[in-house]
Each structure stands twice: as structure tokens, then as C-alpha cells.
Novice: 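Got a structure for you, written out below as C-alpha cells; questions coming shortly.
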Amino acid sequence: MARFIFVTGGVVSSLGKGLSSASLAYLLQSRGFKVRLRKLDPYLNVDPGTMSPFQHGEVFVTDDGAETDLDLGHYERFSGISAKNSDNITTGKIYSDVLKKERKGGYLGKTVQVIPHITNRIKEFIKNDTSKEDFIICEIGGIVGDIESLPFVEAIRQFANDVGKKNALFIHLTLVPYLRASDEIKTKPTQHSVKELRSLGIQPDIIICRSERSIPLEHRKKISLFCNVNIENVIQTVDVKTIYEAPISFNRENLDKQVLEYFKIKSRKKVNLNPWKKIIKIVLQTKKSINIAIIGKYVDLKDAYKSLDEALAHGGIHNNLKVNLVRIDSENLKVSEIKNKLKGISGILIPGGFGKRGTEGKIAAIRYARLKKIPFFGICFGMQMAIIEFARNKLNIKTATSSEFGAVGTPIIGLITEWNRDGKKIIGTDKNLGGTMRLGLYEAKLKDNSLIKKIYKSKLIQERHRHRYEVNINYMDQFEKNDLIFSGLSPDNKLPEIIELKNHPWFVGVQFHPEFKSRPLSPHPLFSSFIKAAKNHK
Ligand code: GLN
């Protein structure tokens, strides 16, 4: 049977629960075990799909098409394990399941309550869809003491009791602050946080202490004494220079060793940290850098394009370069300013996006990249905008637009149903925005003699999608006659997946999101290739 590891947080949020969980997953996996990572989110949204990137950071998409919390991206990047739909749950989804069952009479008229009905549903989720895993690591979102996370904390308490304490381990991550004025390290917030956790019936087995500086032994002893945890299980995590150091740092502090000791399991293999060491060397020592402009709507919030930022960094690592991201707000990008704003830029990237706001700025920047032969990468919405730009300025279809922006103009981008049903538009009939998109892995066939085929070194690829609208295949000939090649198509030849421009150093648009599949230990070929082209751009 799988062993379950529950990771809770205390004192403040953003201490790196996700990164700690993912690093632990890497270490256990490297020791020869099969691991899954799960995230239990306390918010009421049924899934993060309709949440604004402004508020919550990017929506991460899995192979099987789930729209999940961005922490699952961290998990994948660090552990190399592809997440699934069954790895992310929110309070909203739990309640919606329970209420659906209640409406169907599934509780036979009983009073439906948080305990046991909500907690039972949470416990089902924790156990669901696992087979042959040695470890399931479950991260509980938020911090202990939040009203919203209470049912989760109660459920994991019950769960440990159900499977037996020898099969369940509680890790609590807290902050151990350093006070500059008095030059002191303080353990009190950790003590309070553990007290809170214990008042909910959970005694942590391991405490991870996040700190700005190394925590002296006497302070760790104090935490051990007051929190009732063995001194070996008080593990410090001191701020690292780059997140890629995290697995190495946790291994140095014996996190993986203590976890195995708790379960009385012997390691199957020696941990291999060499790939991380290689990356760290490049990241910390490389002096050479290039500037890549990301032109989008959500440039103010750092996490809005988390996977994209990471994928570009991976591309840099592959090319022995540092990639500086220059975020440009497309809404305030005036045509007259483009030349100035793009000074010193070696590559332009337009990421995924929704809605008309800010599109004219994006289109103008694409035109600039096309004419000035600056490497250009359009992702999802970015590819759609490149199509509109080309249609307007090269094919002379001045009214070219996307039906996402309303029923005016020539919808070169639209819903596939619009051009498949004898001109009878059925757009707008679906008012429910959640769950109406093409989501998850889809195949694309790559054309011979194309740049894209050279990049992937393959004829058939699979990438993750998250979009409603498509480029209208009926315009393909017109585009191709003018050197914009539809170099990747869906296997049934109906949907354009990739476009590329001839006689341009690097101009590629993709309808999917390659950034979700890029990992530091295996950078995505498209990002490696884009950064290489940017490196060669004068
Ligand atoms: N808004 C566009 C669509 O729905 C693109 C989505 C995206 O970039 N992820 O098709």
C-alpha cells in the first residue's frame, strides 16, 4: 500500500510548500520509489479555470485536460512526474460533488454535514486513482488556522487514523524569522503554529523551518522540545540563490532520509543530484544574457505566466545564457512607441490570452517582429494574433479578426462550429464559461521540410491545449501562397496547430502551450530553439 505524506503550512503563506513537496518527490523518486503529488486547495472555486491570472497566477493544464493550480506546474517541473486531473481538488469541487449526490437522494434523507460527508469525500479523493505508488504527497493549500482549510485538516487527521499512523506522515512548514534589530532568530511563531495544528488533533512528525539564515542547534532544540518533534526531524530550509538548489538543500538537511526512516523503508538507490548541480552552475555562473520581450495583459503579476517564465529560463540554461524577461503591457503599447520599447530586445513572445483588450498593441508588435526579422514566438492567443496581423497587412483582409471579439469583421479565427454548419452561427449559445474549451493533450502532424519538424525531430507530437477558438483552415492556401506555412495540423487536417514564416530567422506560432511541458532537466525544444535564434539575433 502507498504511504501518505501530508504537507501543511503555518505562520504565513508563500513559504514554499509546493517547492518543498516537489523537491521531496524528486528525492524519493531518485531513490527508486514511485511518487504522486496532490494539491488540496481550500478555495470555493470548483476549479481554477475561471480564476483571473491577476489574482491567482496562471492556470496550469495537465495532459488529461484539467485546469489546475499553478503549484502542479512546480510539481511537474521538479519531480518530472506528469500531474493528472485526479491530483488537484478544491473545496468548491468537494462541495459540488456532495451537493450533487444529496440532490439525487444519495444520502437517503440523512442530514448532510461537514463531518462525515465532506471529510469522507476529501478522504476518497486522497486515495483515488492510485496504483503501485510508494508515496502520495498531499499538499494542503493555505495555512493552518484558515477557516477554509479546517475540513481538509480534519480529513487528513481522520485519514491517518484510518490507514494507521505508520502509513501516514505529517510535515509542517513554518517560518523562523530573523529579527535584524535585535540580531535574533525567533522560534515562537513556529511554536504557536504547531500548537494550533495540535489543537486540531495533528502532531507533526517533521517540521521544516524556513529561514533567512542558518538556524543554530540551540534554536532547533528549542523547537524540538516545545513542538514535541525529534531533533533530527526539525529540518531547516535556508533561502537559496536559485530554486534549482532546493532538492540539493533538502537532501543536505536529510529530509528524504528522515522520511524513509519514519516509514522504516530502505532506500532502493543512491540519490542522483548531478543534474541539478549542472543547472545551478550554469544559472549562477553564466554572465551572458539576452532580453526577451513578453507582450501581454497580465504583466504586473509575476506568477501570471509562471510556466512560460520557467520555460524561457530552461531555454536559456540549454543555451548557456541568462534570459532577462522584459514585460510589456500590450494595453498601453502605442504603435509609435514600439521601436523604442523594443530596443535591445532579441526576441518577442506573445503568450496566451483572452479577450479583445490589448490586442492592437500585440498585433502591432508582431508586425514589427515580422518586418524587422526579430525572432518571434506566438503561443495560443499569440499565434491567433499573428494570423490576424498577417491577414490584415499581407493578405489585405483588412477586417480580419477573431469571433472572440464579437460578430463583426472577417473571423479568420473562430469557433470550429461556425464554419462547419453551413454558415449558421452557433456562437454564443453556451453561456457557461467553465469547461467549454479544448483542453489537454492533442496530437499534431508536422510537415516535411519545416522548421518545426527540425526542432522536434519528430513527425507526430503531443502538446497541451487550452483554448476555445481556432484558426480557420479554409484560409490555409492563401496564407501559404504568401509564405506563412501551416506546418503542423491536427491528424484529421481540420485544425491548424503550428504556423511558421519562410524567409524569417525564427517566426513560429503554436496553438498549444509548450511551456507546460518544459522542465529544467529537459528543456522544451521549442524554447531552446527560440532562445538560440534570439542569441543569434544582431
Ligand atoms: N482566447 C483564445 C481562445 O480561447 C486563446 C486562448 C489561449 O491563449 N489560451 O482560443
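Read the numbers this way: they start at 1 and go in the same order the structure lists the ligands and their atoms.
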Novice: Run the salt-bridge test on E331 and K297 with the 4.0 Å N-O cut-off and return the result as yes or no.
Specialist: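 Salt bridge: no.
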Novice: Out of the candidates R519, E463, H314, only one should pair with H524 under the side chain to side chain donor-acceptor pair (under 3.5 Å) rule; please name it.
Specialist: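 Of the listed options, the one satisfying the test is E463.
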Novice: With only distance considered, is G355 within less than 3.5 Å of ligand 1 through an N or O on each side?
Specialist: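 Between G355 and ligand 1 (N or O atoms, distance only) the closest approach is not under 3.5 Å.
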Novice: Where is the nearest protein heavy atom to atom 7 (C) of ligand 1: which residue, which atom, and how far?
Specialist: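 Nearest protein contact, heavy atoms only, for atom 7 (C) of ligand 1 is C380 SG, 3.0 Å.
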Novice: Hey, would you say the Y442 and F512 ring centroids sit under 6.0 Å apart?
Specialist: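 No, they do not, as the ring centres are separated by 6.0 Å or more.
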Novice: Please indicate whether any nitrogen or oxygen in R468 is less than 3.5 Å from any nitrogen or oxygen in ligand 1.
Specialist: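 There is such a contact, yes.
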Novice: Can you list the atoms of ligand 1 that are under 4.0 Å from a heavy atom of G352?
Specialist: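 Numbered from 1, ligand 1 contributes 8 (O).
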Novice: Heavy-atom count around N449 CG within 6.0 Å, excluding the residue itself: above 12?
Specialist: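 Counting other residues, nucleotides and ligands, CG of N449 stays at 12 neighbours or fewer.
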Novice: Which residue owns the protein heavy atom closest to atom 9 (N) of ligand 1, what's the atom, and how far is it?
Specialist: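 Answer, as residue, atom name and distance: R466 O, 2.8 Å.
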Novice: Below 4.0 angstrom from a heavy atom of E404, which ligand 1 atoms are there? Numbered from 1 as shown, please.
Specialist: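 So the answer, numbered in order with elements, is 1 (N), 2 (C), 3 (C).
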Novice: Are there more than 12 heavy atoms of other residues, nucleotides or ligands under 6.0 Å from atom NE2 of H318?
Specialist: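 Count not over threshold, so no.
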Novice: Specify the protein heavy atom at minimum distance from atom 10 (O) of ligand 1: its residue, its atom name, and the distance to 0.1 Å.
Specialist: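 Among all protein heavy atoms, the one nearest atom 10 (O) of ligand 1 is Y469 N, 2.8 Å.
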Novice: Which of the numbered atoms in ligand 1 are under 4.0 angstrom from any heavy atom belonging to H513?
Specialist: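 Answer for ligand 1: 9 (N).
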Novice: Has K322 got more than 12 heavy atoms of other residues, nucleotides or ligands less than 6.0 Å from its NZ?
Specialist: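 Counting neighbours around NZ of K322, 12 or fewer heavy atoms of other residues, nucleotides or ligands fall under 6.0 Å, so no.
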Novice: Report yes if some N/O of G353 lies less than 3.5 Å from some N/O of ligand 1; otherwise report no.
Specialist: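 The answer is yes, given that G353 and ligand 1 share an N or O pair closer than 3.5 Å.
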Novice: Examine the proximity of ligand 1 to E470 and report which part, side chain or backbone, both or neither, has a heavy atom under 4.0 Å away.
Specialist: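 No part of E470 is near ligand 1 at this cut-off.
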Novice: Surrounding NZ of K341 (heavy atoms of other residues, nucleotides or ligands, distance under 6.0 Å), is the total greater than 12?
Specialist: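 Correct, the count exceeds 12.
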